[in-house]
Amino acid sequence: MSSAFVMTTRLIWKRAWQPALCCVVAFVLFPYVILKGIAVAEGAEGRVHIDLFKFGFLFGYYMFLSSSVFLGISVAMTIDFQKYFLRLPIPSRTIASGMMFTAVTLFLSMQLLTNGFYRLLFFDQNWLSDYWPLMGTLMFLVTLTLVGYAVFWLMQAPSLTRLCASVSFIAGMLVWFLSRFYPDGFSGAVVPWTRVTPGEGAAMLGVSLGAWYLGTVAFAQIRSGTAVPSSAWELMQQWWKTLAVGASSERETDQHTQTAIATLKQVHWRDSCRSAVLIGFGLAGVAFCCNLAAFFVWAKPGENQRFFTYLAVVFLTGLFLQIAVAALMIKLSTSISLKAYMPMKDYWATIPLSDRELAAALLKNVLKTLTFVFLVIIIVGVIGSYLLFALIQEQGVISSDWSGWQYLVEHQLVITSIYSVTMVLLFYFSAILNFIAICWLPRPSVGWWVLLALPVLLIISCSVSELLPVLWTPLFLLDACLIWGVTVLTFLHAYRSALIGGKTLWRAALIYLLISISFWNFWDSDLFCDRVLSSALLVFTVLPFATIPLAVYWNRHR
């Protein structure tokens with residue numbers, strides 16, 4: 001029993017420590033480089049912007065991102081070994097317990113290591129008690145991990161009852177967790193969860209033990225082959241496939257009136273893009289419910305809404321846009337090949353179209369998908385929730401409630417808000433398109449190494465400039481020239497390969513110039529080299545229009 005348990009955990013740890021260590025280093029170096037860059041740019045030697053790392057930042061940024069990444073690594077590493085463990089002569093309860101224990105230990109190790117570096121680099125010895133107490137948060141996240149495993153294995157034999165119960169229970173856990181930081185109610189001030197009462201500890205321990213038991217039982221059913229979905233679930237799954245794949249409308253395609261490009265777009269849309277749009281509709285529905293709840297929690301009935309009332313809605317909308325970015329990245333990155341390092345699907349490689357026409361058709365479908373998802377989240381999730389809230393509160397849709405706009409005008413934040421919204425829009429499109437371009441390469445690892453070379457180059461430049469301030473301007477101007485040079489070479493190579501035309505070249509150049517000129521005064525820096533480097537980084541907004549055709553071409557003729 002003990003040797004089997006040790007073997008189960010050792011095999012996972014052997015593969016997990018490298019990505020875990022890389023993520024810890026990333027979460028430590030990223031804020032460190034930002035602080036050093038701000039300190040050098042402002043000329044405030046020894047001065048640290050501790051305001052960035054107060055409780056609000058840790059609660060909104062560090063907790064969500066680091067916990068999501070660390071939990072994702074922990075769970076992904078164990079799930080990858082599930083099929084391998086099924087063949088081992090080990091009891092099912094031992095395998096399931098080993099996977100849960102390894103995920104929890106790996107997660108705790110990454111969190112404690114990161115928090116230790118934060119304490120050494122940024123904070124004093126009292127920061128754990130004043131800003132970010134660890135005990136209650138880590139206990140809750142461990143409990144959530146065990147519950148997630150139980151839900152994952154229970155949903156291998158899904159039913160509507162299990163689905164509703166799992167969603168309700170996890171939602172209740174999250175609301176309970178947030179209530180620990182709002183002891184005076186959600187309309188009160190945020191207070192760190194500094195003390196875990198015996199009742200709270202016993203509750204989390206009981207839930208953890210229950211999740212462990214249900215998870216081991218469900219895993220044993222999966223291993224024995226007795227886990228089967230319910231009949232109601234199978235009926236709903238058939239209905240969903242009809243809606244997502246369009247099986248009922250496949251016969252409507254008229255081969256005599258459809259050109260090859262139109263057929264390609266239709267097949268690609270049904271193959272990948274339609275389900276991505278449906279994911280966007282699902283996220284928009286969840287955003288609608290969450291934003292509506294935020295209006296009712298933070299808004300005061302019968303009064304003009306304060307500007308800060310809308311901050312919760314802005315935060316939730318940004319959160320769901322980030323989730324949409326991740327979902328679209330995963331869905332669209334495998335639209336031309338089943339997995340990374342796998343050849344292009346046969347019907348894409350053999351379709352009677354040129355490489356330029358194939359790449360243009362695929363890129364248009366991707367852009368249309370991204371636009372649909374973004375608009376549906378904004379229209380349904382934000383505008384729809386506000387309209388319903390206004391109707392329920394018996395307020396006019398266009399009323400005298402202009403406090404948010406007045407706040408922006410009084411504090412001269414109108415232009416800043418427009419720039420921020422535009423930046424979010426550019427990041428939404430450029431992040432997904434650049435990720436798709438890398439994943440469509442025949443060897444995505446090459447693209448990732450090239451992309452990771454950029455932050456390494458910036459870190460080296462910051463470090464050298466801090467030691468030798470006289471090199472600050474030349475190094476960052478050199479970095480900007482390197483970025484521009486690689487971009488120009490990429491567009492020229494795509495043009496010479498007949499993958500893009502002259503119109504694409506001058507349109508991309510014009511768009512980039514307009515964006516750079518518009519954001520020139522937006523960067524909060526008086527140094528010319530900082531503005532030049534920031535403008536150079538905006539080239540990633542137009543770079544996919546050359547890299548995606550090149551990726552399709554290389555993948556097709558690998």
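Bear in mind the structure is a predicted one, so any value in this text is a computation, not a measurement.
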Taking all heavy atoms of [X] and all of [Y], pick out the closest pair and write down the distance.
X: G280; Y: V373; answer: CA-CG1, 3.9 Å
X: I483; Y: T487; answer: O-OG1, 2.8 Å
X: M173; Y: V147; answer: SD-CG2, 4.0 Å
X: A324; Y: L283; answer: CA-CD1, 3.5 Å
X: S159; Y: W233; answer: C-CE3, 3.9 Å
X: F219; Y: S92; answer: CD2-O, 3.6 Å

To the nearest 0.5 Å, what is the distance between [atom1] on [X] and [atom2] on [Y]?
X: T145; Y: F140; atom1: OG1; atom2: CZ; result: 9.5 Å
X: L367; Y: I548; atom1: CG; atom2: CD1; result: 7.5 Å
X: L538; Y: M423; atom1: CG; atom2: CE; result: 5.5 Å
X: L316; Y: C290; atom1: CG; atom2: SG; result: 6.0 Å
X: L112; Y: L138; atom1: CG; atom2: CG; result: 6.0 Å
X: M329; Y: C439; atom1: CE; atom2: SG; result: 8.5 Å

Do any N or O atoms from the side chain of [X] and from the backbone of [Y] form a donor-acceptor pair under 3.5 angstrom?
X: N555; Y: A551; answer: no
X: S168; Y: A165; answer: no
X: D355; Y: Y553; answer: no

Heavy-atom side-chain proximity of [X] to [Y] below 4.5 angstrom:
X: I323; Y: V286; result: no
X: V313; Y: Y386; result: no
X: L141; Y: Q111; result: yes
X: L108; Y: V142; result: yes
X: F288; Y: L388; result: yes
X: F177; Y: L144; result: no
X: I500; Y: F491; result: yes

Does CH2 belonging to W176 count more than 12 external heavy atoms closer than 6.0 Å?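 More than 12 heavy atoms, drawn from other residues, nucleotides or ligands, come within 6.0 Å of this atom.
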
Classify the ring geometry of F429 against F374: parallel below 30°, tilted from 30° to 60°, perpendicular beyond 60°. tilted

Go through it in stages, so that I can follow the logic: the residues are V207 and F169, the test is side chain to side chain contact (heavy atoms under 4.5 Å, CB included), and I'd like the CA-CA distance, side-chain angles, deciding distance and then a yes or no. CA-CA 11 Å; V207 172; F169 189 78; 3.8 Å; yes

Where do F540 and L543 land on the side chain to side chain contact (heavy atoms under 4.5 Å, CB included) test, with the steps shown first? CA-CA 5 Å; F540 286 97; L543 187 59; 4.0 Å; yes

Evaluate the criterion side chain to side chain contact (heavy atoms under 4.5 Å, CB included) for residue pair F435 and L328; output intermediate values, then yes/no. CA-CA 10 Å; F435 183 87; L328 292 175; over 6 Å; no

CA sep, side-chain torsions, deciding dist, call: T547, L433, side chain to side chain contact (heavy atoms under 4.5 Å, CB included): CA-CA 9 Å; T547 54; L433 290 176; over 6 Å; no

Name the one of T105, L146, I95 that satisfies side-chain contact (heavy atoms from CB on, under 4.5 Å) with M100? L146

